[in-house]
Structures are given as structure tokens and as C-alpha cells.
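The block underneath contains the structure these notes are about, expressed in C-alpha cells.
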Protein chains: 2
Amino acid sequence: MKPEAPPKAVLRLREAGLRPTRQRVALARLLLENGGRHITAEQLHGEARAAAIRVSLATVYNTLHQFTGAGLLREVVVEPGRSYFDTNTTEHHHFFDEAKSELLDIGGDGIVISGLPRPPSGTEVRRLEIIVRLGPDRH
Amino acid sequence: MKPEAPPKAVLRLREAGLRPTRQRVALARLLLENGGRHITAEQLHGEARAAAIRVSLATVYNTLHQFTGAGLLREVVVEPGRSYFDTNTTEHHHFFDEAKSELLDIGGDGIVISGLPRPPSGTEVRRLEIIVRLGPDRH
DNA sequence: TCAAGAAATAAGAATTATTCTAAACTGCGG
DNA sequence: CCGCAGTTTAGAATAATTCTTATTTCTTGA
């Protein structure tokens, strides 16, 4: 008799209303136990395979979207034809290095935007994102 | 003898170093003579067909990218799997209505952002974009 | 005005990321 | 331990975009 304490990932999933299945728990571990990541579905699938987690690519996509819906992840779209998922769900922004196709967080604290018009009637703001696109320093 | 003055679109293309071919001139007219548009390749192809311009989808894609490279257009990426091209190349930002999949310009004047960190070394800022994502007003 | 070479276009195949489908599997309440 | 709703899977399907190759069209210079 050893009443195992449920691992943290299992609790996070339950709180989010998602059944803690084998693959969701495994993916949650990869994602949520290493903060500050920006990862594509293919990359996560690769990491899962590398970690000997048997999970299909379709499930990786499903899971990423479910996590996003549950507020565990944030989807970031900066390149045509590819989505990144950000494990940082607090208010923040991004640098995007176009040469390396790499996202970098810009902490949300201390950033102030003034002069924005109010949204058109019938709509309200869901999220405000700043993307600072970077290229190689030409000098 | 009637020494036709070259239409404006032809001049714009020449300035940009692009040969004024039949299809480029036609697409330039559709795009540049109606300011403030946000259009996808498929949409532009549709408009061209509607205007009885015979042009292939591949050429529409090529042309949009060439125009973007030449600074006549700006590419805006807000949705996974689809690119918009913006005929407004002045400094400005966007509302994105997620329900209608529609972009709206936010004039760049009077918008001030403070508190941004400087870019990582080896890189420099190519463009700064603000995207304000909108959803239906829930009340 | 014409010919030749360079550049551009078109049609369809190919690619890439993602979503869908239908069947097999599994966590969980009873 | 049963059963079923919710999940997962493999592979097919889709959507946007890019590539390939042959053909066509600009431009230049004789």
C-alpha cells in the first residue's frame, strides 16, 4: 500500500478539466516543467520520440490546442505556415529573429503603449501583442 | 502617332526595378489604386479573374512576394496557414477581428511604446508590429 | 523593325503544416 | 471488473504555398 501522490502535471490537467491520459501527462511534463519555451508541433513530437514517449503527431496537435484552450499555453503566429506554442502564458511580448526563426520573450512589465484607438463597436480586445522582428545587424 | 504616357502603375514598377509585364501591371492596378487593403493571394487571384485578367495563381504568389520585396506591399501574418498583404506600407499597426478574419489598420501616428528592451546583440530591429486581437463583445 | 537572350508566366506536380476520419484503446465511475 | 465516453492512432485528406519545366513575352541592340 503506497498511496502515490499524483504528480504535478496530473493536477494541472485535472484543474484544466482535461483527463490526465498517458500522452497528455507526458507532453505536459515536457512543456510545463521547462518554462519559457517556444515550440512547434513537429518539434514537440520530436522531443517526445527522443524521450521514448509513444505519441502520434495528430495527438500532439490535439494536445497543443487543448492546452491552449485551457490557458496552459499560448499560440504565437509569426511565420506563414507554422505555429509556435509558448509555455509562458503571462502578459509579455516577443522578439522574432527572422534569420534563426526564433522567438524570444520580452517581459510584459514596464511596457506601456499609449495612443491606441478603442476597438470597433461590437468587439473587444482579446489580446494585445507586440512583435519586434529582428534581422542581422548590418554595419 | 500617339505617344502614350506610361500609366502610373508602369512607373511604380520600373522605379521598383520590376519589369512591367502585363500581369504585374494589372495586379499593381488592383492593389495600388485602391489603398488600405488587406488581401490574400487567393482573394487577389479571384479579383483578377473577375476583372478578366488572365493570370495564374503561381504568378499571383510570385508577384505578391516581389512587390513585398520591393516595398510596395507589406506581409502580415496573424493566422496560421494564411498570409495577408497590406497595401499600406507606412508605419502603422493592426486590429485583427478573429471572428471575421479581418484586418483593420491602426494609424501609426501618436502611438508610443515605452519600456522595450534593446534587441539582442548581433541583431537589429527590422519592424515593430502591434496586433490587437479582437473577439465579439461579450456582455 | 527584328532577332536573340533574359526574364516572366503557366500548368500541374510537389511540399509542408495541419486537420479529419474511422477504428481501436483506455481512464474512470459504478 | 464492466462499460462507455472520451482519447488516441494511422493514414487519408485538405489548404496554402512553392517548385519545375516548357512556353511566352519583354527588352535591347543591330
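Letters A, B, ... mirror the listed sequences (proteins, then strands); counts begin at 1.
- A salt bridge links Glu79(B) to Arg82(B): at least one charged side-chain nitrogen sits closer than 4.0 Å to a carboxylate oxygen.
- Distance check: Thr87(A) OG1 to Leu30(A) CG gives 11.5 Å after rounding to the nearest 0.5 Å.
- Picking from dT17(D), dA6(C), dC20(C) the nucleotide with the shortest atom distance to the side chain of Ala41(B) gives dT17(D).
- Using a 30° and 60° split on the angle between ring planes, His92(B) and His94(B) fall in the perpendicular class, above 60°.
- Phosphate proximity of dT9(D) to Gln23(A): present, with a side-chain N or O under 4.0 Å from OP1 or OP2.
- Separation of the Phe96(B) and His38(B) ring centroids does not fall under the 6.0 Å cut-off.
- Note on His65(A): only backbone sugar-phosphate atoms sit closer than 4.0 angstrom, heavy atoms only; bases stay farther off.
- Nearest to the side chain of Val55(B), among dT9(D), dT7(D), dA10(C), sits dA10(C).
- When the nearest nucleotides of DNA chain D are assigned to Glu42(B) and Thr21(A) by heavy-atom distance, the more 5′-ward of the two goes with Thr21(A).
- Between dC20(C), dA10(C), dT8(D), one nucleotide has an atom nearer to the side chain of Thr59(A) than all others, and that is dT8(D).
- At whole-Å resolution of the value, OH in Tyr61(A) and P in dA17(C) are 7 Å apart.
- Between the side chain of Asp97(B) and the backbone N or O of Ala99(B) there is at least one donor-acceptor pair closer than 3.5 Å.
- The distance between atom CG of Leu13(B) and atom C1' of dA7(C), rounded to the nearest whole Å, is 14 Å.
- Distances were taken from every side-chain heavy atom of Pro20(B) (C-beta onward) to each of dT26(C), dT9(C), dT27(D); the shortest belongs to dT27(D).
- The phosphate of dT8(D) has OP1 or OP2 within less than 4.0 Å of a side-chain N or O from Arg24(A).
- The pair Glu98(B)-Arg126(A) fails the salt-bridge criterion, with no side-chain N (NZ, NE, NH1 or NH2) lying under 4.0 Å from an Asp/Glu carboxylate O.
- Residues from residues 68-86 of chain A that place a heavy atom under 4.0 Å from any atom of DNA chain D: there are none.
- As a whole-Å value, the separation of Leu27(A) CG from dT9(D) C1' is 14 Å.
- Atom CZ of Arg22(B) is separated from atom C1' of dT24(D) by 9 Å (rounded to the nearest Å).
- OP1 or OP2 of dT9(D) lies within a sub-4.0 Å distance of a side-chain N or O belonging to Ser56(A).
- With rounding to whole Å, Arg14(B) atom CZ is found 13 Å from dT28(D) atom C1'.
- A straight line from CG of Leu18(A) to C1' of dT7(D) spans 11 Å, rounded to a whole angstrom.
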Could you walk me through whether Arg133(A) and Glu129(B) pass salt bridge (charged side-chain N to carboxylate O under 4.0 Å, His left out), step by step? CA-CA 8 Å; Arg133(A) 294 182 178 271; Glu129(B) 27 188 11; 2.5 Å; yes

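- For the pair Gln43(A) CD and dT16(C) P, the interatomic distance rounds to 16 Å; values are reported in whole Å.
- Note: CZ (Arg49(B)) to C1' (dA10(C)) measures 12 Å, nearest angstrom.
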